[in-house]
Amino acid sequence: MRPTWVEIDINSLKSNFLQVKKIVGDKVGVVSIVKADAYGHGSIAVSRALVESGTDMLGVATVEEALEIRDSGIKSPIVILGGVQPDEVETVAKNNLIPSLFSISTARAIDKYAQKARVRVRYHLKVDTGMNRLGVAPNDICDFLENLINLRNLELEGVFTHFANAEGDSTDLTIKQIEDFNMMLSIINQARFRPKYMHSANSAAIQRFPESHMNLVRPGIMLYGSGNMGDSELKPVMRLKTKIIQTKRIAVGTPVSYGGTFVASRPTIIATLPIGYADGYIRTLSNRAMVSIKGSTAPVVGTVCMDLTMIDVTEVPDARVGDEVVVFGDEKVSAEDVARWANTISYEVFSIIGKRVPRVYM
Ligand SMILES: *Cc1c(COP(=O)(O)O)cnc(C)c1O
């Protein structure tokens, strides 16, 4: 096996889930968000652990993601946040998946299938309060409900919205979104729909806006130990590791890697790591990132290649082939550090870790 792998700490994941429960309290349910292969952590193992911890539901982006979890034998309710296409309706109904709905034509397609198959399909209605992405807009909600009333094989189980800036410095937009959501909920109630669940809070809102908790919350990033907005005690779950596969001494003036973007300004010891941008260690990290090795840190030097990355270990005592290197996920280098160096967010750092990097569950 190529010595590059990801360690997933299931106990930390469970502890983060309990942190969410502690913040929201007993009366509020949890849809744990496991889309994008559980933010790169592996959706089946993560879903299993969260079901054991007592999650009420799982949330994914696509029907394929839901099926992968269902096929592994997990029986929990699974909500498909990104909606479904008309040709996926049968799969959704047969696998007891919960679509989110924001289009009347899809609602009609589901209703038609449900009537034919003699089943009732429960769904969550997505409303748009400011993200301007998916969802029924406030101006369209009355018309939408009038059309829904006739679809008798559908059951409105939940209503939800999503925040555009719950982590931002200004709280104005989120407060406005919560107001608009409550306004739409009362219209839905006046139309005699009685959804069991109302939900809006992602990780940032869970921590910052208690009034957004309603009776169900949708944590993603905080389950994975990132996105701490205050005094939550979140533990990192993912640790990306590799091992040195070669070391060499180079003289002053020697360039390293494609394009010679690093040139040694002193006699230097270079160590080569078997990880590159095809593993999700993106090229923007070239000459910017640090890695953790033997209790200290070493800089990435030269351009990150598709399969390999070089680090300068001149100041690491006795660095050798076979030494373990933590790319991120320990006390020295966090996923947030890598995100900062790569000019992105931890969500992306986690979710782009490639398929060829095996996940090892601890
Ligand atoms: C991804 C997602 C979440 C989780 O967001 P975090 O910021 O990771 O907590 C919640 N709701 C929806 C609709 C999402 O797409």
Side-chain angles (χ1 to χ4, degrees), residues 13 16-24 28-41 43 46-47 50 55-66 69 77-84 97-102 123-136 157-168 171 173-174 177-178 181 184 197-210 212-230 232 234-238 335-336 339 344-353:
L13 174 75
N16 296 337
F17 178 85
L18 292 179
Q19 275 293 311
V20 174
K21 292 294 291 182
K22 195 170 142 192
I23 296 170
V24 301
V28 176
V30 179
V31 191
S32 294
I33 304 301
V34 293
K35 64 191 177 193
D37 202 24
Y39 293 43
H41 293 63
S43 69
V46 164
S47 297
L50 293 167
T55 194
D56 298 271
M57 298 187 195
L58 299 166
V60 296
T62 69
V63 174
E64 284 84 355
E65 289 174 353
I69 295 169
I78 306 175
V79 187
I80 300 161
L81 299 166
V84 301
L97 307 174
I98 305 171
S100 55
L101 264 186
F102 43 82
Y123 68 97
H124 288 210
L125 176 63
K126 176 82 187 270
V127 299
D128 193 339
T129 55
M131 186 73 179
N132 291 307
R133 191 175 67 172
L134 289 179
V136 180
E157 185 190 64
V159 181
F160 73 112
T161 195
H162 192 52
F163 296 125
N165 195 22
E167 60 286 331
T171 58
L173 178 59
T174 309
Q177 285 194 260
I178 296 170
F181 187 42
M184 289 170 91
Y197 296 116
M198 279 74 67
H199 50 114
S200 61
N202 58 0
S203 296
I206 287 169
Q207 295 170 80
R208 293 179 77 199
F209 298 94
S212 74
H213 293 175
M214 317 273 162
N215 64 0
L216 193 66
V217 293
R218 300 191 308 269
I221 198 73
M222 66 187 296
L223 295 174
Y224 308 105
S226 189
N228 196 335
M229 302 291 304
S232 319
L234 302 176
K235 298 179 181 163
V237 175
M238 180 188 286
E336 289 76 14
T344 182
I345 53 177
S346 60
Y347 299 64
E348 189 176 1
V349 170
F350 295 138
S351 60
I352 64 174
I353 301 296

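FYI, the numbering just counts along the sequence from 1. Each ligand, and each atom within it, is numbered from 1 in the order the structure gives. Every heavy atom of this structure was used, including side-chain atoms; hydrogens, water molecules and symmetry mates were not.
In this structure, the side chains of K126 and H162 come closer than 4.5 Å at one or more pairs of heavy atoms. Between Y39 and V46 the shortest side-chain heavy-atom distance does not fall below 4.5 Å. A 4.5 Å side-chain heavy-atom check between L81 and R218 finds at least one atom pair inside the cut-off.
Contacts of M222 with ligand 1, taken as heavy-atom pairs under 4.0 Å, are absent altogether. Only side-chain heavy atoms of H162 come within less than 4.0 Å of ligand 1; its backbone N, CA, C and O stay farther off.
The nearest protein atom to atom 11 (N) of ligand 1, hydrogens excluded, is given as R218 NE, 2.8 Å; this is a heavy-atom distance. Nearest non-hydrogen protein atom to atom 4 (C) of ligand 1 is Y39 OH, 3.4 Å. Among protein heavy atoms, atom 9 (O) of ligand 1 sits closest to S203 OG, 2.6 Å.
Distance alone, capped at 3.5 Å, places no donor-acceptor pair between the S43 side chain and the V34 backbone. A donor-acceptor distance shorter than 3.5 angstrom exists from the side chain of R208 to the backbone of G168, with no hydrogens or angles considered.
Nearest heavy atoms, V30 versus K21: CG2-CD, 3.8 Å.
Residue G220 places at least one N or O, backbone or side chain, under 3.5 Å from an N or O of ligand 1. Ligand 1 has a nitrogen or oxygen under 3.5 angstrom from a nitrogen or oxygen of I221. Considering backbone and side-chain N/O atoms, K126 never comes within less than 3.5 Å of an N/O atom of ligand 1.
Taking every non-hydrogen atom of K35 and a distance limit under 4.0 Å, the qualifying atoms of ligand 1 come out as 1 (C), 2 (C), 3 (C), 14 (C), 15 (O). For ligand 1 and Y347, the ligand atoms under 4.0 Å from any heavy atom of the residue are 6 (P), 7 (O), 8 (O).
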Given side-chain contact (heavy atoms from CB on, under 4.5 Å), test M222 with N228 step by step and report yes or no.
CA-CA 7 Å; M222 66 187 296; N228 196 335; over 6 Å; no
